[in-house]
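See structure below.
Just so it is clear: chains get the letters A, B, ... in the order the sequence lines come, proteins before strands, and each one is counted from 1.
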Amino acid sequence: MMSVRVRFAPSPTGNVHIGNIRAAIFNWLFARHEGGKFLLRIEDTDRERSTDEAINTLLDCMEWLGLDYDEEPIYQSRLTERHLAVAEELLAKGAAYHDNKGGDKPCVVFRMPTEGRVEYHDLVKGKMGKKAEDTTDFVIVRSDGTPVFHLANVVDDIDMGITHIIRGDDHVENTFRHIELFKALGATPPQYAHLPMIVNNQGKPYSKRDGAAFVGEFKEQGFLAQALFNYLTLLGWAPGDDREVMSRDEMVAVFTLDRCKSSAARFDMKKLTWMNGEYIRNTPRDEYAAIFSERLREAGLLSDDFPQQTLEGIIDQMQVRTRLYNEIPGNCSYFFTDNYQFDEKAVNKRLRGEGVAELLLEIAKRFEALPVFDLESTNATLVELGERRGTGLGAMVHPVRVAVSGMAEGPGLFELLVLLGRETVCRRLTRVAGEIGAI
RNA sequence: GCGCCCAUCGUCUAUCGGUUAGGACACAAGGUUUUCAUCCUUGUAAGCGGGGUUCGAUUCCCCGUGGGCGCGCCA
């Protein structure tokens, strides 16, 4: 049994599209499951776009996602002579011919069969085929003497000993051509598996206009590599049981191509975000703490003299509530500065009511008078006041939360108050009481 | 236009002829007159249409419909 060799063959343009990286992930999973090799071939024949920077971006993305490859990357641009030699071979065999429909110099065109059928068995789509008369000849060497994708792709796959080609749906038509190319070159065509496209809300291929479309953008927005990897794996594939959040080892253990779907999958940012939150909650606390602090320092909110114990308490409260690392500064700036933003809806709902200013001042006064300012005492204060006024605890809690944090969400109120400290809480309550109309 | 492919809750999916069609996201309600960006419970919600094959079709076949992809010098 020949051992599996698959490849990821991106053209380095500076951005790696999620559709492409999903194909890379599936290749990687397949190789690891089969105990085969996962190879990287950089199709850098477009010298204009294939800069060193673009190649480094590509390599960074793969490293970030943990897509380790098994042999030195192949750079297609260095193989041009080989491609052209093969074109000559095809010409000599009569499998290709010169043509100059373009007008200027002739190009080399590969001859497709004219009778019979071109068929292959797709590992995810099943039996595929079309009549030879429905196929058309195609250019393999441009009139400027450079090899075209089809030729280079097939020649390299032969030379690299590729056994399985796992790629996007949009290559199905090319497959009929490529198979004939393999045959004309006396090579056995590899096995093919075509993955469904990742589409947007309109069912069109997912592009930059639909939001983050490149791996780098997800990284920048604070998505975890593991979460993106896991989410993408579930687009067009399922383990067969009810598992969704899975470790890499689990996925490798059960990944097979026959469990891939053949219909397009819609990209759902909400589910990815949820999954990212799952991964963040499962991140070791130390690791989360480091990232948390880093993000706040970047935002200019955390200084070195911030009390460590308080910071630890904030981290405990925030880790379970973080879905995206980028949300961190915006979601808890109030812990670090008096200059926090007020959410307009929350203000309107909780602070605009009659008597709220007076209430906040009353609460501040009672907090000042407490012997100790902790969870129990602050809680008791508001419960008692709520009873005394006959309005209940809710009428106390919400205005206080919005006043001291500016938002309607966050840690439990009493945890929040204790972390902020009596001084800060009272200062804010007093200030907000005086400025309600101006907020 | 021609060719190829696809079709289960709003979304991602399970089901490989017999299920009360399951799970997850999202949404809604409750726990909670202390919030949700956490947690628990519950709920709403699906087989594109028409023919066959079969004792029985979401599942197999055909025809429609809808969508995607491709159609000689992008990759």
Side-chain angles (χ1 to χ4, degrees), chain A residues 9-11 13 20 43-46 49 76 99-102 104-110 112 122 125-126 128-131 133-144 146-150 152-153 168-177 194 196-197 199 201-205 231 234-245 258-259 261-275 277 280-281 317-324 327 331-332 346 350 379 382-383 386 391-398 400-402 405 407-416:
Chain A
S11 58
T13 58
N20 286 123
E43 305 210 332
D44 56 344
T45 51
D46 183 339
R49 295 196 294 171
Q76 191 167 63
D99 193 284
N100 58 350
K101 272 186 188 158
D104 34 0
K105 292 181 176 169
C107 58
V108 180
V109 178
F110 181 74
M112 284 293 278
D122 196 293
K125 288 178 175 295
M128 302 285 277
K130 69 195 298 180
K131 291 192 291 250
E133 63 192 74
D134 290 325
T135 65
T136 52
D137 296 353
F138 57 96
V139 174
I140 55 174
V141 179
R142 298 185 187 87
S143 39
D144 68 1
T146 58
V148 169
F149 160 73
H150 303 295
N153 200 261
D169 229 348
D170 49 341
H171 281 289
V172 167
E173 292 297 325
N174 290 333
T175 304
F176 297 111
R177 300 169 150 188
H194 286 97
M197 301 271 89
V199 300
N201 289 327
Q202 283 78 244
K204 308 279 187 195
Y231 177 71
L234 262 16
L235 251 30
W237 177 83
D241 49 39
D242 287 337
R243 281 179 295 173
E244 291 208 313
V245 177
D258 61 9
R259 292 214 56 85
K261 282 213 2 162
S262 54
S263 53
R266 209 153 297 205
F267 188 84
D268 183 357
M269 190 61 88
K270 282 187 175 167
K271 186 154 184 176
L272 202 213
T273 303
W274 162 78
M275 186 168 277
I280 288 176
R281 281 185 281 286
Q317 289 297 322
M318 293 309 293
Q319 181 165 7
V320 295
R321 287 170 232 270
T322 305
R323 299 180 311 169
L324 256 188
E327 294 175 343
N331 281 351
C332 61
R350 305 298 187 186
N379 190 335
L382 295 195
V383 167
T391 55
L393 186 55
M396 309 289 109
V397 162
H398 298 300
V400 171
R401 171 187 296 285
V402 176
S405 77
M407 17 193 350
E409 298 108 46
L413 181 69
F414 305 108
E415 283 79 5
L416 180 59

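- The interatomic distance linking A:Asp144 (CG) with B:rC74 (P) rounds to 8 Å, in whole Å.
- Look at the C1' atom in both B:rU19 and B:rU53: the space between them is 22 Å, to the nearest Å.
- Picking from B:rC36, B:rU34, B:rC4 the nucleotide with the shortest atom distance to the side chain of A:Glu409 gives B:rC36.
- In this structure, A:His150 does not count as stacked on the base of B:rA75 under the 5.5 Å centre distance and 30° plane angle limits.
- Of the possible polar contacts, none joining the A:Thr146 side chain to the A:Arg142 backbone as a donor-acceptor pair under 3.5 Å is found.
- Rounded to whole Å, atom C1' of B:rA37 lies 7 Å from atom CZ of A:Arg321.
- With distances taken from any side-chain atom of A:Glu173 to the nucleotides B:rC4, B:rG68, B:rC6, the minimum falls on B:rC4.
- In this structure, A:Leu235 places its CG atom 18 Å from P of B:rA24, rounding to the nearest Å.
- Rounded to an integer number of Å, the gap from A:Met128 CE to B:rG3 P is 15 Å.
- What separates CH2 of A:Trp237 from P of B:rA14 is a distance of 11 Å, to the nearest Å.
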Apply salt bridge (charged side-chain N to carboxylate O under 4.0 Å, His left out) to residues A:Asp169 and A:Lys125 and explain how you reach the verdict. CA-CA 10 Å; A:Asp169 229 348; A:Lys125 288 178 175 295; 3.1 Å; yes
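- Taking atom P on both nucleotides, B:rA37 is separated from B:rC25 by 14 Å, rounded to a whole Å.
- Minimum atom distance to the side chain of A:Val172 is reached by B:rC4, of the listed B:rA7, B:rC4, B:rC73.
- Closest contact between the side chain of A:Arg49 and the listed nucleotides B:rC74, B:rA7, B:rU34 involves B:rC74.
- With B:rU35, B:rC69, B:rA7 as the candidates, the nucleotide lying closest to the side chain of A:Asp170 is B:rC69.
- When the P atom is compared between B:rG68 and B:rC60, the two are found 24 Å apart, to the nearest whole Å.
- Within 4.0 Å of A:Leu413, counting heavy atoms only, lies at least one base atom of the nucleic acid.
- A donor-acceptor contact closer than 3.5 angstrom links the side chains of A:Asn153 and A:Glu43.
- In this entry B:rC69 has B:rG3 as its Watson-Crick or G-U wobble partner, both defining distances falling under 3.5 Å.
- Atom pair A:Asp169:CG and B:rA7:P shows a separation of 11 Å (rounding to whole Å applied).
- Look at A:Arg142 and you'll find a side-chain N or O under 4.0 angstrom from OP1 or OP2 of B:rC74.
- Between A:Arg350 and B:rU34, a side-chain N or O to OP1/OP2 separation shorter than 4.0 Å is absent.
- Between B:rA14 and B:rC71, the distance separating the two C1' atoms is 37 Å to the nearest Å.
- The base of B:rA37 sits with one of its N or O atoms less than 3.5 Å from a complementary donor or acceptor on the side chain of A:Asn331.
- A distance of 9.0 Å separates OG of A:Ser262 from CG of A:Asp122, quoted to the nearest 0.5 Å.
- For A:Phe138 and A:His150, the gap between ring centers is short of 6.0 Å.
- Listed nucleotides B:rC5, B:rA75, B:rA24 differ in distance to A:Phe149; the shortest reach to its side chain belongs to B:rA75.
- Between the side chain of A:Thr136 and the base of B:rC71 there is no donor-acceptor pair of N/O atoms closer than 3.5 Å.
- Distance, A:Phe267 CZ to B:rU11 C1': 12 Å, rounded to whole Å.
- Between the side chain of A:Asp268 and the base of B:rA26, no donor-acceptor pair of N or O atoms lies under 3.5 Å.
- At B:rC39, one or more side-chain N or O atoms of A:Arg281 fall inside 4.0 Å of OP1 or OP2 (strictly under the cut-off).
- On the P atoms, B:rC12 is 8 Å away from B:rU8, given to the nearest whole Å.
- Comparing the P positions of B:rG50 and B:rU65 gives a spacing of 15 Å, expressed to the nearest Å.
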Applying salt bridge (charged side-chain N to carboxylate O under 4.0 Å, His left out) to A:Arg321 and A:Glu327, what does each step give before you reach the verdict? CA-CA 10 Å; A:Arg321 287 170 232 270; A:Glu327 294 175 343; over 6 Å; no
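- In this entry the distance linking CZ of A:Arg266 with C1' of B:rC6 reads 13 Å, nearest Å.
- Residue side chain A:Lys271 does not reach the base of B:rA26 through any donor-acceptor N/O pair under 3.5 Å, judged by distance alone.
- B:rC69 and B:rC55 have their C1' atoms separated by 41 Å, with the value rounded to a whole Å.
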